[in-house]
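What follows is a short report on a single structure.
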Amino acid sequence: MNDNNNRNRKRMAWIAAVVAVLALVPAVAGSFTVSLLNDIGIGALVALGLVLLTGVGGATSFGQAAFVGIAAYATAWLTTTQGMSPWIGLLFALLLTGLSALAIGMLTLRLGGHFLPLSTIAWGLSIAMLFGNVDALGRHTGLSNIPALRIAGWSLADPRAMYYLIWVVVGLACLFSHNLLQSRPGRAIRGLRGGATLLASVGADAYRVRLTLFVTAALFAGLAGWLYAHMNRFVSPSPFDVRASIEYLLMAVAGGLGQLAGALVGAALVLVLKNGLQDVLPMLTQRAGQLEAVAFATLFILLLHFARGGLMGLLRRWTRRRAGAPGASRYQAPTVDPLPHRQLPQRGTQVLSVKGAVKRFGGLVAVNDVSFEVNAGEIVGLIGPNGAGKSTMFNLLTCTLPMSAGQVRFLEHDIAGMPQRQVARLGLARTFQHVKLRPHMSLLDNVALGAHSRTRSGILKAGLRLDRTEEKQILQEAQRQLDRIGLGDRAHELAGSLPLGTQRILEIARALAADPVLLVLDEPAAGLRRKEKMALGDLLRKLREEGVTILIVEHDMDFVMKLVDRLVVMNFGSKLVEGVPSAVRADERVQAAYLGSVV
Ligand code: ADP
Ligand code: MG
């Protein structure tokens, strides 16, 4: 804990120093520096949205300047042609930006791979073109005479006054983003890179998470656009074209996509460099504009080669080397009421029933007409040689994969064809044969992600820090599950630093954080040492005592025979036999399937 406290204290000292310097600048700096810093602040706001969207969420946008433009034009139009107050302009600008982002996001965010970045270029181009061709927006000449902002009778026409407003907004946006990342929706955003299946397994909808994140990033850009319009008092199409979008992305990348401060550092780096180049290049050539583009492209390539994490990434690697690994410790907070628990079904009642499940992959029938049942409070093992179709069966009954034919009943619901996240919300939690953890998130955060479906806070609540009671409940629950699997003292370590076997156990803690009725475990003991396996066996037996139902695939026959109440054996996609361990062990067909090796 001391390590982390120290780290926090150091960070606070840094932030205080930066704030103090920024507060003093207008008193000592010339007007050129002040306007440059104003531009940096506005750029940083847009880049901050991109750090969240691209750096944390993994969705690249080459069209962010379009959102700046929509907001700038919205407030410009409303205040100049309709004579409204800039504050109404702010609401209008944010509303229009948010709605545009919602519409564009709904059209494009389902696109996979390279299609999303490509489509962002398309709308970036078309929106800038729109500004240049609408009469009401002044076509290519734009709109001028935009009023300056006034706060309580005090005019912000002077760039030095505007400076304070811009940097207060930047500060608040940083604070909002910081709060967001350490919250329920923030963990879901950080989970996006782990894929839709990971999020669905904890009951979250990756598409919705990405869409709200996209709108949030656009609103940051919108805020920047509003400030821009009332600072420059004039708007025209060119500052909002695709070239500007690329510059914003460059800011985020140059600063470091991985962390919020990267947005500030990157905006400063790019704009200072741009200013420098605009001073120097005309002395060297008459084609300064083109050379500037070349210089930026070179910078981009150098960064991608030598400093993927941007400037902040370099700095961080350096400080971390000096400070050592993050402190391993428990989560400690004032005790809050635990999250409410689900009512578990009466022992012995049917929890899961699979009937005639079939899964075809092209010509291959991976699961062929398999039926079995699982009752409350049982541990049922699913065994069979490699390639028998066990993992596929698990994917079918958790609705991770659609079935080709058959039915699955979970509690009183027919779940075949239901979205996976909905099934997860009903109380079916799973782990994966190929571990799906977020290696750069702490153990605690990975497990806390499991409690997603039991909690409610959204982006706004989290950003404004109104989610703190629930957040404490989530973390307390995550710590409790970590304690259960014996990793309680390593809560703040990164999940990626664990050996693979231990990562599987961490997945169990994440599944338990969902307070499941049925726990579905795919080879949880693979890669564990004997003592660790024994501890796992004890944990699973204890869960059974508590009334949790468990379905498990496991290759270690010794382990599985001692643990389970019943076994279902699969071979070549079909069910071979089903029964209590001793009967299965004695069955000739099972011995033949395993060639008499391990059973
Ligand atoms: P097990 O978990 O019992 O080792 P799996 O369920 O992983 O077996 O695989 C069963 C069969 O289905 C294997 O032949 C495997 O190659 C095939 N298979 C599994 N997933 C896919 C997929 N997504 N596409 C095509 N074939 C698959
Ligand atoms: Mg498998």
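Only heavy atoms go into these numbers, but all of them, side chains included; no hydrogens, no water, no symmetry mates. Whatever order the structure lists them in is the order used to number ligands and atoms, beginning at 1.
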So Phe214 and Phe67, would you call those rings parallel, tilted or perpendicular, with 30° and 60° as cut-offs?
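Geometry flag for Phe67 against Phe214: perpendicular rings.
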
With distance as the sole test, does Glu470 use its side chain to make a donor-acceptor pair with the main-chain N or O of Arg456 at under 3.5 Å?
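Yes, because the side chain of Glu470 sits within donor-acceptor range (under 3.5 Å) of the backbone of Arg456.
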
Name the one of Gln476, Lys461, Arg187 that satisfies side-chain hydrogen bond (donor to acceptor under 3.5 Å, both in side chains) with Glu471?
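That would be Arg187.
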
Positive for side-chain hydrogen bond (donor to acceptor under 3.5 Å, both in side chains) with Glu477, one of Gln473, Gln481, Gln479:
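Among the candidates, only Gln481 passes.
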
For the Mg ion (ligand 2), does an N/O/S atom of Ser391 lie at less than 2.8 Å?
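Coordinating: yes.
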
Strictly under 2.8 Å, is any N, O or S atom of Gln433 next to the Mg ion (ligand 2)?
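A backbone or side-chain N, O or S atom of Gln433 is under 2.8 Å from the Mg ion (ligand 2).
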
Go ahead and list the nitrogen or oxygen contacts between ligand 1 and the protein that come in under 3.5 Å, distances to 0.1 Å, or just say none.
unit_1	atom_1	unit_2	atom_2	d
ligand 1	2 (O)	Ser391	N	2.9
ligand 1	2 (O)	Ser391	OG	2.9
ligand 1	3 (O)	Ala388	N	3.2
ligand 1	3 (O)	Gly389	N	2.9
ligand 1	3 (O)	Lys390	N	2.8
ligand 1	3 (O)	Lys390	NZ	2.8
ligand 1	4 (O)	Gly387	N	2.8
ligand 1	6 (O)	Ser391	N	3.4
ligand 1	6 (O)	Thr392	N	2.8
ligand 1	6 (O)	Thr392	OG1	2.5
ligand 1	8 (O)	Gly389	N	3.2

Taking NZ, NE, NH1 and NH2 as the nitrogens, is one of them in Glu507 or Arg504 under 4.0 Å from a carboxylate oxygen of the other?
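Judged by the 4.0 Å cut-off on N to carboxylate O distance, Glu507 and Arg504 do not form a salt bridge.
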
Should Arg438 and Asp445 count as an ion pair when the cut-off is N to O under 4.0 Å?
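Asp445 and Arg438: not salt-bridged.
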
Quick one: is the NZ or CZ of Lys390 closer than 6.0 Å to the six-membered ring centre of Phe394, and within 45° of its axis?
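No, Lys390 and Phe394 do not form such a contact.
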
